[in-house]
Amino acid sequence: VIDRGNPNTQVLMIGEAPGETEDLQGKAFVGRAGQLLDELMRNLGFDTIQDSLIINVVKCRPPENRQPKPEEASQCLPFLRKQIELVKPKIILLLGATALKHIVTSKKEFSMSEEAGRFFEHAEYPGIKFMVLFHPAYILRDPRKKPDMIEHLKQFISEWKEIVNPVIARSPEGT
Ligand code: URA
């Protein structure tokens with residue numbers, strides 16, 4: 001499963017690995033988690049198909065949807081790096097702990113409650129703004145985190161407007 005969305009975009013989202021629905025359709029984030037992500041973003045005026053490209057750290061479905069093994073992630077990493085190089089995004093959204101730990105390999109121990117909503121830059125990818133988000137599958141499992149997720153998405157949207165169209169973002173009509 002390679003991706004879903006628009007490769008000529010400023011926003012790249014990175015998830016963990018395809019699940020069963022993604023495996024069957026050959027598209028990233030088309031199952032329940034992807035549908036929730038689409039809905040949350042659509043409510044904020046962001047069309048995931050037009051305005052972003054969604055990819056995963058691991059390109060094949062792990063059996064029984066288990067977490068990808070480190071060696072599976074490292075085998076897929078060159079493809080992930082190439083995708084970032086080709087798309088040249090201005091913003092990368094890391095969906096969940098797997099994406100964060102494989103992009104920022106120096107991060108060994110961390111808590112997603114502290115990381116989610118955080119923007120950062122990465123020396124290996126100059127000029128790209130990174131943001132950490134909860135994985136939408138986590139929100140499906142624990143809907144109490146949904147308001148936090150929406151708050152983080154709003155922060156992303158204002159950053160995105162600033163990058164895509166700084167003049168509109170700063171005018172009262174653009175808010
Ligand atoms: N979860 C992911 O991390 N990626 C998908 O493509 C689907 C579900």
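Whatever order the structure lists them in is the order used to number ligands and atoms, beginning at 1. Here, residue 1 is the first one in the sequence, and each next residue gets the next number.
The ring of Phe119 has its center no closer than 6.0 angstrom to the ring center of Phe156. The aromatic ring centres of Phe29 and His135 sit less than 6.0 Å apart.
Counting the atoms of ligand 1 from 1 in the order shown, those under 4.0 Å from a heavy atom of Gly15 are 3 (O).
Geometrically, ligand 1 and Ala33 share no nitrogen or oxygen pair separated by less than 3.5 Å.
Between Glu39 and Arg42 there is no salt bridge, since no side-chain nitrogen of the basic residue lies less than 4.0 Å from a carboxylate oxygen of the acidic one.
Taking a 4.0 Å cut-off on heavy atoms, His135 registers as neighbouring ligand 1.
Looking at Glu16 against ligand 1, both its backbone and its side chain come within 4.0 Å, counting heavy atoms. Residue-level proximity to ligand 1 for Ala17 is carried by the backbone, the only part with a heavy atom below 4.0 angstrom.
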Candidate pair Gln83 and Ile2, rule side-chain contact (heavy atoms from CB on, under 4.5 Å), full reasoning: CA-CA 9 Å; Gln83 285 174 305; Ile2 299 185; 3.7 Å; yes
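A heavy-atom distance below 4.5 Å is found between the side chains of Asp51 and Trp160.
For atom 4 (N) of ligand 1, the nearest non-hydrogen atom of the protein is Asn56 OD1, 2.7 Å.
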